[in-house]
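So that the names make sense, note that chain A is the first sequence line, chain B the second, and so on, each numbered from 1.
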Amino acid sequence: MTTPGNAGSAHHATATGDHLPYRYGSALAQTIESRWQDIWESRRVFEAPNPGQPGFDAAKAKKYILDMFPYPSGVGLHVGHPLGYIATDIFARFLRMTGHNVLHTMGFDSFGLPAEQYAVQTGQHPRITTENNIRTMKAQLRRLGLGHDPRRSVSTTDTAFYKWTQWIFLQIYNAWYDAPLDPASRDKGRARPIRELVERFERGDMLTACGKAWAAMTDAERRAEIDARRLAFRAEVPVNWCPMLGTVLANEEVTSDGRSERGNFPVYKRPLKQWMMRITCYADRLSEDLEHLDWPEAIKILQRNWIGRSSGAYVHFRVEGRDPITVFTTRPDTLFGATYIVLSPDHPLVNVISTADRPKTSFRRAVFPGADDRMTCREAVAAYRLYAGGKSEADRASGKDKTGVFTGAYAINPVNDEHVPIFIADYVLGGYGTGAIMAVPAHDDRDFEFAQAMKLPIRDVVYPRPIETMLYFAKAAYGEDGEPGPNWRDELADLLGLATNASNSHQSFDAMLDIVRTRRFTVVPETPGMVAGATPEGPACDVPGSLGQRRGTMRAVWLETIDNLGFMNFNDMRRHLLVEHNYQLLRGQAFTEPGVAVHSASAHLDVNHLPSDKAADRITKWLEHSGHGAHATTYKLRDWLFSRQRYWGEPFPIVYDKDGVAHDLPEAMLPVLLPELKDFQPESSTDPDAPVRTPLNRAAEWVECELDLGNGRRRYTRETNTMPNWAGSCWYYLRYLDPVNAASFCDSAVEHYWMAGTQHAAQTPLTRPGGVDLYVGGVEHAVLHLLYARFWHKVLFDLGHVSTPEPFQKLFNQGYIQAYAYKDARGIYVDADKVTLADGSLAMDNQDKPGPFFFDGQEVTREYGKMGKSLRNAVGPDDICTQYGCDTLRLYEMSMGPLEASKPWNTRDIAGPFRFLQRLWRNLIDEQTGASHVVDGVADRDTLRALHKTIIVVRRDMQAMSFNTVVSKLIELNNRLSPGKVTMDVARAMILMLAPLAPHMADELWYRVVCKGMGEPLSIAHEAFPVADPELAKDDEIEVPISVMGRPRHRIRVVPGLAAAELEAAAMADPKVQELIAGKVVKKIVVVPGKMVNLVLE
RNA sequence: GCCGGAGUGGCGAAAUGGCAGACGCGUCGGAUUCAAAAUCCGAUACCCCUUAAAGGUGUGAGGGUUCAAGUCCCUCCUCCGGCACCA
């Protein structure tokens, strides 16, 4: 007999039979959940007061728990989205119950493309779409029972919010980076207000870039000087222009095959005047400050790689009659091996230096499709540029064949005054370093390939120690051109044995060769057993036997090595190493590791025999002294492109006067509101060269404005670009702290309180970066949001607006929820929830069945991937909440596995957590009457022990956010209990431990069981979490396994806490143990008190 | 190619160097029921065996360290993620 409304299919939540009106089923879960969600809201259970506000308790420690800012999508959430939200909610509830002031809320990153796209299609204003979406999402989130402070919720599209986004932009605009003069200094510099820059110029403390005295400069010159230093500035730069999206994109938003991350449209490089953020000033700090953050190591590595710090030197190569070419290298120690120079095809000097002749050269002048030796150098350069420009990013990445052309010009290597040819080639990138390199083919893979393609010389300047030894031997053993002795291979092998031994690094080659030669005539006493000790070759290798035998073995190894090097004979070796310096060419591969400098001496300096790092130091110092270069650190990170040609974003608080000069608006004029528009269409185009016009250009009466900026009312035009999506998410976590403050983006005292670092005894102020205590989100934001937000935060820190140098102290990346997806014959994804098996049953309900699968009568193929819209395999949380209740959904999502792991969704598995809740309910509640049938009194010893053991591990695992094991421990405890027999002490503790995980049921049980259904129903969100009594958790007796030879054979029962000797005695006294070792000799007994005994037999 | 992460029953997964597979799903058996669903109880890594006992094997592969390895070290394979001519 079933209740009509619940007569679902077999896997649906249990029906509430008429005879059991209070069985925990889908309907009861719904009732309980909405009832408590209402109570929480009306009683304002989760409001977290700020210091000074009513209800604030200064005695408690604070915790700021944060979820990554979601975009309110129109299609609603799927069960993958709330995974992190549920986890943070559980953790926040746990913290609340363990005596913390917890700030946890949720807002919306609501500017962005989908709402605008929808507006373009339907004409509905994006604000309306956005507000609808936010409403839907809030309702969905509410149904999950998340304990957020609703007063703190903000949306980036709120004018009261974006007023402050604009204000922060102005802080950045009105700041410059005061970098220390010495780049190696520990002081990394900081942002300062522009005002201080002007003061320094006025005082003459700082020299202007143009070289003129400040007082002698015109207004326009002064403005140019300042504008060139602002942290937010406009520049004509080659940008990623995506004509289909009608906007430019940041580097981070372009995929490696040159398409837009959003929409997968082609992206073109095109010079445009754009707003930029000088994030590169912070590259060093952004990289270094990662060290003290409690973030997953993988994310730190991702960010470090993205910032791409590399340290080396700039080297100036003179060019006769022209400006010198500056290259950047990370290997200044290889400067003597630079045999040519390569410029990127778009390097500004290319046109200047390429010559109009057709020189005869020992190398090939041009290698690329269409190369023609009848061309002059200049013609070849032009042809090559055309060819390289036509290559897409994808072509460049895939095609590893090196191409390039000779410019006809030569540069002078400062270290040896050698003339080296200058090439252009597209393997050198314009945007990195100086857009020019010195090529050291012997020690760089790419240069090696290019040199081979162009038949350029390859000269070794770094050898590993053995090759350096051979070089010495080739030179000194028989004179520079003497005949080798008959035993040269044996001598060399012995010398290599000595020279490669670390303890001989201080010995000169001469001395070692001497040892080799005298030893050959020394009779070695054949004394077996003489193993270690001081021998001429230092500590011997591990080969057993006599010294003579060991020498023989070492020599044999080195003889084989010599044979494998590919030298035909001694003279061949001498030719490659000593005369031609082209061993790497012979080997067919560049040697890119550090080693020892060779062939690196000139009239200016000599670094031979120095290890690579020392040689690099020496050469860099020489470059600096002689004015030919300087130490340098460069970064892959580019300045952040901050303009978008879209409607639905924050307007810039910037206007231009009739001369096109930018003026920032005063704070009193904020916010600059978005104008109303009818047509939101960006001017998308398939033509990469189409003119760029933004939607805001169409709001003529908004663009043209008359303002008084301090010098009377004048006409201005407004900036018509908008800010990128990332702007709001760079600082939203600060607005949560003080969401309605009209006077400031965030009150300073409030900011100090919530953003202060979590105190650890071992941490000094330097290693305590402070910030949000826990930030949970997906790994996809590793380099975009997390880098931009850190950058803004550091600027705000430098300018004194926030108190910590870092925004997010601890970061946690939750894994994805994955699911099966299905493709039809055309390769198009179909709705996964409609795919059936051959017998007509839904594939979703039988995930272990291998198929075949059908959709709409057609066979489809199965794949597996991240749940989402694109794979059409999303499962909605609302459906699950309706069938089982959100408490079950919460438990299921937590019990799937570790939070950080990606794991497959399997609807069928939800029954497990659901049954757990049902059993727990039944254990405490009479399903007939709905009243508590918990008995008064205290549980028996065994149950009490189980309870306290559970409390111990639940607390530990909650702390570690290991919620999957928390769930299983509670299930285990519950499985010991029976309906109507649970005592109040156990029931109480059980309910409290359940409260963070399944808060609705916990509150309901508390009311029915503990309050006995009397009085106002009140939430237990602020009750104290159970504390274990270690005495009660103690065992009377424990079982200790006895292993023989590492294999468990038997177990004995003993009282806990036995010392090793006692445990051993107990084990040996056991008759079964005696039987196991009967007739055998016990060699050793390993005893781990409380754990195990292992008997080692002969 | 480089940098990360991961490989444990039919499935999701547990396991401070100390009894591998907790807990859940599924499956099988039983109880309850006129019957079914739901619920409850029991079994469930594999091999040998009628069964049980006893034994053996087993954490991607191969080596090593250790009294003892899923866990530590080395080599390799597979999958997932990121970067990719960054000088």
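Atom CD of Glu900(A) and atom P of C80(B) are 20 Å apart (whole Å). Leu20(A) has its CG atom 18 Å from the P atom of U32(B), to the nearest Å. Regarding His1050(A), its NE2 atom lies at a distance of 12 Å from the P atom of A54(B), rounded to whole Å. Distance NZ (Lys1083(A)) to C1' (U66(B)): 12 Å, rounded to an integer number of Å. Atom CD1 in Ile952(A) sits about 22 Å away from atom P in A22(B), given to the nearest Å. The CD atom of Gln918(A) sits 12 Å away from the C1' atom of A37(B) (whole-angstrom rounding).
Set against G24(B), C25(B), U39(B), the side chain of Arg908(A) has C25(B) as its closest nucleotide. Here the side chain of Ile301(A) is nearest to one of C40(B), C3(B), C85(B), namely C3(B). With G4(B), G55(B), C67(B) as the choices, the nucleotide that has an atom nearest any side-chain atom of Lys1084(A) turns out to be C67(B). Checking A22(B), A87(B), C83(B) against the side-chain heavy atoms of Ser310(A) singles out A87(B) as nearest.
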Check: protein-nucleotides 12-21 of chain B nitrogen or oxygen pairs below 3.5 Å:
unit_1, atom_1, unit_2, atom_2, d
G12(B), O2', Met896(A), O, 2.8
A14(B), OP1, Asn964(A), ND2, 2.8
C19(B), O2, Arg1051(A), NH1, 3.2
C19(B), O2, Arg1051(A), NH2, 2.4

Polar atom pairs between nucleotides 43-48 of chain B and protein, under 3.5 Å, N or O only, would you list them?
none

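RNA chain B is contacted by both Arg1047(A) and Arg922(A); Arg922(A) maps to the nucleotide lying nearer its 5′ end (nearest heavy atom per residue). In terms of position along RNA chain B, the nucleotide closest to Ile299(A) lies nearer the 5' end than the nucleotide closest to the other residue of the pair Tyr816(A) and Ile299(A).
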Check: residues 428-443 of chain A side-chain donor-acceptor pairs under 3.5 Å, at least two apart:
unit_1, atom_1, unit_2, atom_2, d
Tyr432(A), OH, Ser310(A), OG, 2.8
Tyr432(A), OH, Thr634(A), OG1, 3.1
Thr434(A), OG1, Thr326(A), O, 2.7
Thr434(A), OG1, Ala436(A), N, 3.4
Thr434(A), OG1, Ala436(A), O, 3.3
His443(A), ND1, Phe591(A), O, 2.8
His443(A), NE2, Val461(A), N, 2.9
His443(A), NE2, Val462(A), N, 3.0

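Of the listed residues (Tyr864(A), Tyr816(A), Tyr892(A)), just one forms a ring pair (Phe, Tyr, Trp, His ring centres under 6.0 Å) with Trp905(A), and that residue is Tyr892(A).
A donor-acceptor contact under 3.5 Å links the side chain of Lys402(A) to the base of C85(B).
Pairing for G26(B) is with U44(B), a Watson-Crick or G-U wobble pair whose two hydrogen-bonding atom distances lie under 3.5 Å. Nucleotide G17(B) has no partner under the Watson-Crick or G-U criteria, as no pair reaches both atom distances under 3.5 Å. C72(B) is paired with G64(B) under the Watson-Crick or G-U wobble criterion, all donor-acceptor distances under 3.5 Å. Base pairing of C83(B): its partner is G1(B), meeting the Watson-Crick or G-U wobble criterion (both donor-acceptor distances under 3.5 Å).
Between Tyr884(A) and Phe914(A), the ring planes lie perpendicular to each other; the angle is over 60°, past the 30° to 60° tilted range.
Taking 4.5 Å as the limit, some side-chain heavy atom of Phe423(A) sits within range of a side-chain heavy atom of Phe450(A). The side-chain heavy atoms of Thr950(A) and Glu972(A), taken from C-beta on, include no pair separated by under 4.5 Å. Looking at heavy atoms from C-beta onward, Val415(A) lies out of side-chain contact with His628(A) at the 4.5 angstrom threshold.
If you check every strand for non-hydrogen atoms under 4.0 Å, Asn975(A) touches sugar and phosphate atoms only. Using a 4.0 Å heavy-atom cutoff across all strands shown, Arg638(A) reaches no nucleic acid atom at all.
For the residue pair Tyr384(A) / Thr403(A), a side-chain donor-acceptor distance below 3.5 Å is found, with atom types taken as modelled.
Remark: Arg1049(A) is in phosphate contact with G56(B), judged by side-chain N or O atoms under 4.0 Å from OP1 or OP2.
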